[in-house]
A.B. asks: 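Got a structure for you, written out below as structure tokens; questions coming shortly.
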Amino acid sequence: MSSSLDSPKVFISYSWKPIAHKEKTRKLAERLESDGVNVVIDIWNLAEGQDKYKFMEQMINDAEVKKVLIICNEEYSAKANSRSGGVGTESLIISNEIYSQAEQTKFIPIIFERDEAGKEILPTFVNSRIYIDLSNDKIFEEEYERLMRNLFDKPANPRPPRGNPPPYIQIEESIYLRTIHKVKAVENALVNEKQNSQAFIDDYFTTFLEALSDFSISKEEITNEEFIDETIFIKIEALKTLRNDFIDFFEILLTYSANLNVDKIISFLEKIIEFFTKVDSEKNQFSNGNYMTDHYKFFFYELFLYLVTIMIEKEKFEELGEILSVSFLIYNSRYNKTMPYSFVEFRPYVESLDKIRNERLNLRRLSLTADLIKQRADISKYDFDKLKETDILLYYRSLMRKDIQNDMKSKWFPLTSVYDTYNIKIIDKLISKRYFEKIKFIFKINTKEELQSNVKFITENDLDKISRFDHNIPYVDKVFDFDKIGTLN
């Protein structure tokens with residue numbers, strides 16, 4: 001059997017002086033031999049009458065010798081540098097071999113001692129090479145393992161198998177992000193308290209909405225409906241750049257705005273819904289365009305999760321409460337009339353992922369949308385756990401809207417709850433009276449009794465009716481512990 005675990009043939013080059021060094025080298029050779037290494041060393045392989053210089057040259061140039069271990073101490077380094085004695089001849093042969101081959105990994109320096117300052121002692125011809133340090137008993141075993149892994153080609157950190165390029169690489173031309181230089185302009189205006197800072201904010205909102213059309217799917221891109229999910233997936237990946245740009249912008253807006261204009265945010269969200277209803281109606285122009293807006297569905301869901309999470313982190317509870325309570329009035333061209341929408345519109349069903357792709361690739365996942373949200377949650381301060389808590393919080397908030405109906409169309413369905421959730425931190429903090437007074441605006445209530453009344457109404461009318469077989473969502477009457485809410489100052 002031929003494999004990397006066959007005994008590697010190794011030649012040891014060393015100095016006989018001092019005696020303790022020679023003895024230490026012999027013990028190293030014995031341990032290597034006992035660990036499956038075919039060691040070649042003069043004390044075992046060079047008999048009386050043989051030419052020691054010819055023996056050295058043969059071993060160094062022997063193709064079967066996989067590695068040459070250069071045992072470095074003060075005596076070896078001095079003789080190698082001065083080219084004196086047997087070591088000098090041997091090191092000359094080695095250095096010629098090293099310098100004649102650019103990709104030379106055959107020679108491994110082994111540090112046996114250091115100088116008084118603790119600096120490693122190496123001959124000049126190998127002083128730039130990565131070495132194994134066997135000079136210190138404290139690290140000996142760790143370094144010896146490194147040596148063994150090198151000899152047997154079993155590195156501790158092997159290179160992972162090379163996979164396929166991510167789908168977004170297949171996009172032939174990069175989409176220029178229209179908002180790319182807008183964030184800095186907004187930051188500069190807010191930090192310097194410019195009187196026209198709102199104009200820069202409005203300009204970003206407008207440009208962002210215009211940029212959405214740059215990610216639309218053409219008729220040519222959906223000619224093969226069998227792989228429509230791949231097209232959607234690629235577009236979703238491309239939209240991540242725009243998502244990150246918005247996160248940067250929104251953080252700056254909430255951090256530096258002295259008086260946050262929530263009406264502008266509501267107007268922006270209205271325009272997003274308006275944009276989506278428009279492109280969603282246009283998809284019917286194509287016979288195979290049923291899924292051509294699915295990338296926008298995913299994107300707006302993800303974007304809204306980040307928007308709400310950032311508002312919670314920045315403690316913009318009163319403004320968030322307005323957003324979650326307002327009715328967005330949108331002209332729907334499909335129905336030819338203005339219609340009211342709630343924030344629930346930002347959580348549609350992405351069929352091309354959760355059904356088409358799931359089935360085509362036989363993935364058997366509960367929600368590819370949730371998987372993708374988790375996979376893309378690479379911003380540490382807004383990690384997946386926070387997004388997941390936001391997702392469930394939005395479900396509870398949707399149950400408390402006055403326009404709630406006992407159907408899923410008026411409820412926010414938290415897809416990320418396919419991943420276990422044991423508590424909602426923002427709700428746990430309601431035990432603090434001070435914190436309750438801050439976040440009560442999210443639920444559009446003024447007192448604990450009012451919140452309790454809302455929860456009672458939800459329970460009595462069986463509104464908290466959602467499948468919990470695959471989704472870990474605490475029941476609304478269990479998550480709010482009214483005996484503890486507001487009990488701490």
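Sequential numbering from 1 along the given sequence is applied to the chain's residues. Only heavy atoms go into these numbers, but all of them, side chains included; no hydrogens, no water, no symmetry mates.
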A.B. asks: Cation-pi check, Lys374 to Phe384: give yes when NZ or CZ is under 6.0 Å from the six-membered ring centre and within 45° of the ring axis, no otherwise.
C.D. replies: yes
A.B. asks: When you measure from the centre of the six-membered ring of Phe413, is the NZ or CZ of Arg347 under 6.0 Å away and within 45° of the axis?
C.D. replies: no
A.B. asks: Among Asp385, Asp371, Asn472, which residue satisfies the side chain to side chain donor-acceptor pair (under 3.5 Å) criterion with Tyr419?
C.D. replies: Asp371
A.B. asks: Side chains of Arg376 and Ile236, heavy atoms from C-beta outward: is any pair under 4.5 Å?
C.D. replies: yes
A.B. asks: Of all the heavy-atom pairs spanning Val455 and Val476, show the shortest one and how long it is.
C.D. replies: CG1-O, 4.0 Å
A.B. asks: List for me each residue that meets ring pair (Phe, Tyr, Trp, His ring centres under 6.0 Å) alongside Tyr256, sequence neighbours excluded, and say none if there are none.
C.D. replies: none
A.B. asks: Which of parallel (below 30°), tilted (30 to 60°) and perpendicular (above 60°) describes Tyr204 and Phe246?
C.D. replies: tilted
A.B. asks: Listing request: all side-chain hydrogen bond (donor to acceptor under 3.5 Å, both in side chains) pairs with a residue in residues 189-198, at least two apart in sequence or in separate chains.
C.D. replies: Asn188-Asn192, Gln198-Asp202
A.B. asks: With sequence neighbours excluded, tell me which residues meet ring pair (Phe, Tyr, Trp, His ring centres under 6.0 Å) with Phe275.
C.D. replies: Tyr296
A.B. asks: Taking ring pair (Phe, Tyr, Trp, His ring centres under 6.0 Å) as the test, write out the residues that go with Phe276, two or more places apart.
C.D. replies: none
A.B. asks: Can you name the residues that form a salt bridge (Lys or Arg N to Asp or Glu O under 4.0 Å) with Lys138, not counting sequence neighbours?
C.D. replies: none
A.B. asks: Considering residues at least two apart in sequence or located in another chain, which fulfil the salt bridge (Lys or Arg N to Asp or Glu O under 4.0 Å) criterion with Glu313?
C.D. replies: Lys386
